[in-house]
Amino acid sequence: MDLSPHRDSADVIVVGAGPAGCAAAYRLALAGHDVLLIEKATFPRDKICGDGLTPRAVKELVGMGVDIEGDGWVRTRGLRAHGSGTTVEMPWPSVASFPDFGLVRSRMDLDELLARKAVAAGARLLEGTKVTGPVIDPATGHVSGVTAVRDEETRTLRAPLVVAADGASSRLAVALGLHQRADRPMGVAVRRYYTVPSRDQDHLEAWLDLETRDARGRTYMPFGYGWVFPVGGGTFNVGLGTFHVGRKPDVDHRQLFREWTARLSPARSFDDDHATGPLRGAPLPAGFNRRPQYTRGLLLTGDAGGMINPLSGEGIDYAMESGRLAADTVSRALGRPTAAAREEALQGYPEAVRAAYGRYFTVGRLVVHALNQPRIMKLVATRSLSRPVLQRFMFKLWANLTDPHSKDALDRVITAIQRAVPAA
């Protein structure tokens, strides 16, 4: 196989070398397909993220053969939640199909590590290349490749299938008329890194009682949380995010971040003197806010398909899982003998991701809608941490770590709730 990234054709083009794109490229290359993985930046490069990896993400990393025992990983035992003067520690839920620990690693090197795994499996990586749009076959109306710019030179790269892992704005999805839906959850997150004279932690930390003021000067709690995640070496990823459905609430996230960290700073030193970079923000498209996830030779994965948890804001696990599902679908399609049979296989991808996440995302959307009522959010923030059963219930739901076959009462309740709602 010619592994030169400069060859202009492939079996599959994957656009975006984040967790979704790398997972898809790795699996496809491992299956023997010629894969071209395109990344607009040059590694190492940063991504705005909380850097926390739940047990769902850990499972995917292990499935890719990533060495999670080496340097650069911080292992977490669970969540330390704060609200209204109460602090509780909750271990990661025990679920047979997932590890019992999480990890933290900066996206500055996590994505490059995953990209190198894809390359080692046989994918061709083309860095510093911006995809400007899809190439459409006039005879079929299907995507037949992409146009891309590298070093001010425009190239046409050909493949019968393209995987869009190009993030929340997804230029490829928009070009095919797949726009974000206003009736699905959308979040906003901001984060900043600090290096402080504090020992490293073995828990993710979350603050539920964020407070801000509306246009009339009234204090209220938006639905969301603040986080402090240990990256190692005394460095912490500190951020906050909120979610809404429909009309965007009047929340100045940068101001909210300044107010919240000011309250933490006397004990934590999260101030300008200890910051290692600027405050940066990003959108969080959640709950399948872009559909369908397959159309005319283009498969959407991760943030491009709105596959972010609308309760926690976690996207790395769903990105890697959807990348794996996309790769499995593409492999089946490429093995079919006719165009009609290949298309039939590809049409199964939206059903695969819907079966994986659809009901949970519906529950998430309903919860987001309810908790955007300030009185309900305040009640949850002030009361939930004082009741052990409610603590466990909320944590399992928040992290989407339940076992539908378990005899555990909370697992059975959450499974029953999901079965009672339609898939998103």
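With hydrogens and angles left out, the side-chain atoms of Ser386 and Thr86 include no donor and acceptor closer than 3.5 Å. Of the N and O atoms on the side chains of Gln347 and Glu343, at least one donor lies less than 3.5 Å from an acceptor on the other residue.
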Q: Test side chain to side chain contact (heavy atoms under 4.5 Å, CB included) on Arg107 and Asp51 and set out the steps.
A: CA-CA 6 Å; Arg107 293 287 298 275; Asp51 299 332; 3.4 Å; yes
Q) How far apart are the C-alpha atoms of Ser331 and His33, what are their side-chain angles, what is the distance that settles it, and do they pass the side chain to side chain donor-acceptor pair (under 3.5 Å) test? A) CA-CA 8 Å; Ser331 287; His33 303 296; 3.2 Å; yes
Q.
Set out, in order, the CA-CA distance, both residues' side-chain angles and the distance that settles side chain to side chain donor-acceptor pair (under 3.5 Å) for Thr195 and Thr235, then state yes or no.
A. CA-CA 4 Å; Thr195 298; Thr235 297; 2.8 Å; yes
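Within the structure, ring pair (Phe, Tyr, Trp, His ring centres under 6.0 Å) contacts touching residues 38-85 (residues at least two apart or in different chains) are His82-Trp207. Residue pairs meeting the salt bridge (Lys or Arg N to Asp or Glu O under 4.0 Å) criterion with at least one partner in residues 241-252, sequence neighbours excluded, do not occur; the list is empty.
Judged by distance alone, the side chain of Asp209 and the main-chain N or O of Ser84 form a donor-acceptor pair under 3.5 Å. Between the His244 side chain and the Met186 main chain, a donor and an acceptor come within less than 3.5 Å of each other. Formation of a donor-acceptor pair under 3.5 Å by the Arg191 side chain with backbone atoms of Leu240 is not found in this model. For Arg290 (side chain) and Ala168 (main-chain N/O), a donor-acceptor pair under 3.5 Å exists by modelled atom type.
In this structure, Glu344 places its CD atom where only 12 or fewer heavy-atom neighbours from other residues, nucleotides or ligands lie under 6.0 Å away. By the 6.0 Å contact criterion, CZ on Arg80 is enclosed, its count of non-hydrogen atoms from other residues, nucleotides or ligands being greater than 12. Counting non-hydrogen atoms of neighbouring residues, nucleotides and ligands closer than 6.0 angstrom, the CZ atom of Arg258 exceeds 12 such neighbours. For Arg412, the CZ atom is loosely surrounded, since the number of other residues' heavy atoms within 6.0 Å does not exceed 12.
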Taking only distance into account, with no hydrogens and no angle test, what donor-acceptor pairs under 3.5 Å do side-chain atoms of residues 393-402 form with protein atoms, sequence neighbours excluded?
unit_1: Lys396; atom_1: NZ; unit_2: Leu401; atom_2: O; d: 3.4
unit_1: Lys396; atom_1: NZ; unit_2: Asp411; atom_2: OD1; d: 2.9
unit_1: Asn400; atom_1: ND2; unit_2: Tyr318; atom_2: OH; d: 3.1

For residues 91-101, which side-chain N or O atoms pair as donor and acceptor with protein atoms under 3.5 Å away, sequence neighbours left out?
unit_1: Trp92; atom_1: NE1; unit_2: Thr76; atom_2: O; d: 3.3
unit_1: Trp92; atom_1: NE1; unit_2: Thr76; atom_2: OG1; d: 3.3

Expected list for residues 221-232: side-chain donor-acceptor pairs under 3.5 angstrom, two or more places apart:
unit_1: Tyr225; atom_1: OH; unit_2: Ser312; atom_2: O; d: 2.6
unit_1: Trp227; atom_1: NE1; unit_2: Asn237; atom_2: OD1; d: 2.8

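Residues Tyr194 and Phe236 keep their aromatic ring centres 6.0 Å or farther apart.
Partners of His369 by ring pair (Phe, Tyr, Trp, His ring centres under 6.0 Å), not counting sequence neighbours: none found.
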